[in-house]
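Report on the structure given below.
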Amino acid sequence: MEPDITPPGREPYVPHAPPGGPRLPLLLLSAAACTLATTHEDAKPSASAEPSATSSEGKKGTLHLTDAIGRLTVARESRIGYERDKFRLWTDADHDGCDTRKEVLLAEAVKKPRQGKSCRLTGDTWRSYYDDRTVTDARKLDIDHVVPLAEAWDSGASKWTAQRREQYANDLDADRSLVAVSLGPNRTKGDKDPAEWMPPAKDATCAYVTDWVTTKLRWKLIVDSAEARALRTIAAGCLDVTVTFTPAP
């Protein structure tokens, strides 16, 4: 996703330490390394699980990663008309004083932060899974849309209402649509898809691709042909990885 340039925000949550397969910055070269069993519930690393029936409207479904990629619609993408402002960011849906950014920071803190006035967070620690770095200053973190806003627009969000784009931009119901990561990798990523960019950390490969596919399935977003090829190539090295997702309402 494009860098989060909004000033430095969910229940304490196990950090994004992707347990499954390794990852190298050049996507196609990293596929063979992902060999650990991993299951993602809305892309959240957890224990392994057997694939179940595919997801229907509003129901959770679990698929092997390669099968999940096969469910994605391959079509030409278009960025015509895209403007970042068409996605309203960092809302406070539950009116608790913590906007979406702060909610993500709270959820992903390795060490639970102290929460002050206006949801000011101090004394916290995070693990940025893109580069496997520990970060102790929230100002040095971006909240990344795993599937960038521009990519979402290209892939179907251009046809959505403003309200649905706002829901996408602030999706706290899927644990890994939004992730707290260090500034460098996220800003290098920009709006690139996995055919163009992959996180540099060795252990991020399979987790990142799973997060990407989960988000695309959840929001019924298409993939272009180069993206689909890259996803299939990487997934071939991610043994026993499954994707669990719930279609967005």
Side-chain angles (χ1 to χ4, degrees), residues 1-19 40-46 84 87-152 157 164-191 199 201 204 207-208 210-212 214-216 218-219 244-246 248-249:
M1 139 182 175
E2 308 97 310
D4 162 25
I5 57 175
T6 305
R10 237 157 49 137
E11 293 171 26
Y13 165 65
V14 177
H16 289 321
H40 290 244
E41 178 153 333
D42 280 330
K44 174 181 175 181
S46 63
R84 185 176 172 82
F87 294 81
R88 185 184 174 203
L89 290 167
W90 310 157
T91 58
D92 181 9
D94 58 5
H95 307 291
D96 66 350
C98 297
D99 63 17
T100 301
R101 176 186 166 85
K102 298 287 182 65
E103 297 281 10
V104 175
L105 290 173
L106 284 166
E108 298 193 3
V110 178
K111 177 183 176 184
K112 185 176 180 179
R114 294 186 295 275
Q115 187 174 332
K117 186 177 180 180
S118 300
C119 203
R120 184 173 182 272
L121 307 180
T122 57
D124 27 21
T125 302
W126 295 269
R127 178 174 176 266
S128 168
Y129 95 88
Y130 285 4
D131 52 355
D132 195 19
R133 288 186 58 191
T134 297
V135 180
T136 57
D137 184 348
R139 294 172 299 180
K140 296 181 179 180
L141 291 167
D142 279 339
I143 303 305
D144 184 34
H145 293 84
V146 170
V147 175
L149 300 182
E151 170 68 20
R164 189 159 182 80
R165 286 195 290 269
E166 178 179 326
Q167 292 171 341
Y168 178 84
N170 299 275
D171 187 9
L172 294 174
D173 292 328
D175 290 329
R176 297 285 287 266
S177 289
L178 297 169
V179 293
V181 295
S182 54
L183 304 180
N186 187 49
R187 299 186 181 190
T188 300
K189 170 184 174 179
D191 58 13
Y208 183 75
T210 303
D211 291 349
W212 184 277
T214 299
T215 302
K216 288 245 168 171
R218 173 170 167 77
W219 290 93
T244 300
F245 70 99
T246 302

Nearest heavy-atom neighbours spanning [X] and [Y]:
| X | Y | value |
| --- | --- | --- |
| K189 | V146 | NZ-O, 2.6 Å |
| A180 | E108 | N-OE1, 2.9 Å |
| A157 | F87 | CB-CZ, 3.9 Å |
| G190 | P148 | O-CG, 3.7 Å |

(message) Determine whether a donor-acceptor pair (N or O, by modelled atom type, separation under 3.5 Å) exists between the side chain of T100 and the backbone of T91.
(response) yes
(message) Quick one: does any side-chain atom of D92 pair with a main-chain N or O of G97 as donor and acceptor, under 3.5 Å?
(response) yes
(request) Please work out which of the three classes, parallel, tilted or perpendicular, describes the rings of Y168 and H145, given edges at 30° and 60°. (result) parallel
Are any non-hydrogen side-chain atoms of [X] and [Y] less than 4.5 angstrom apart?
| X | Y | answer |
| --- | --- | --- |
| D124 | K112 | no |
| L106 | C119 | yes |
| P113 | L105 | no |
| V104 | L172 | yes |
| K140 | W126 | no |
| D173 | R218 | yes |
| N170 | W90 | yes |

Distance from [X] atom [atom1] to [Y] atom [atom2], nearest 0.5 Å?
| X | Y | atom1 | atom2 | value |
| --- | --- | --- | --- | --- |
| C98 | L121 | SG | CG | 6.5 Å |
| Q167 | W219 | CD | CH2 | 5.5 Å |
| L178 | D211 | CG | CG | 11.0 Å |
| R187 | D144 | CZ | CG | 11.0 Å |
| S118 | D99 | OG | CG | 10.5 Å |
| D137 | S182 | CG | OG | 12.0 Å |

(message) Given T215, which partner from the list V147, D171, T210 fulfils the side-chain contact (heavy atoms from CB on, under 4.5 Å) test?
(response) V147
(request) Could you tell me whether K216 and E151 make a salt bridge, using a distance below 4.0 angstrom between a side-chain N and a carboxylate O? (result) yes
(request) Check whether more than 12 heavy atoms from other residues, nucleotides or ligands sit under 6.0 Å from atom CZ of R133, and answer yes or no. (result) no
(message) Does atom CZ (R120) have a neighbourhood of more than 12 heavy atoms from anything else shown, all under 6.0 Å?
(response) no
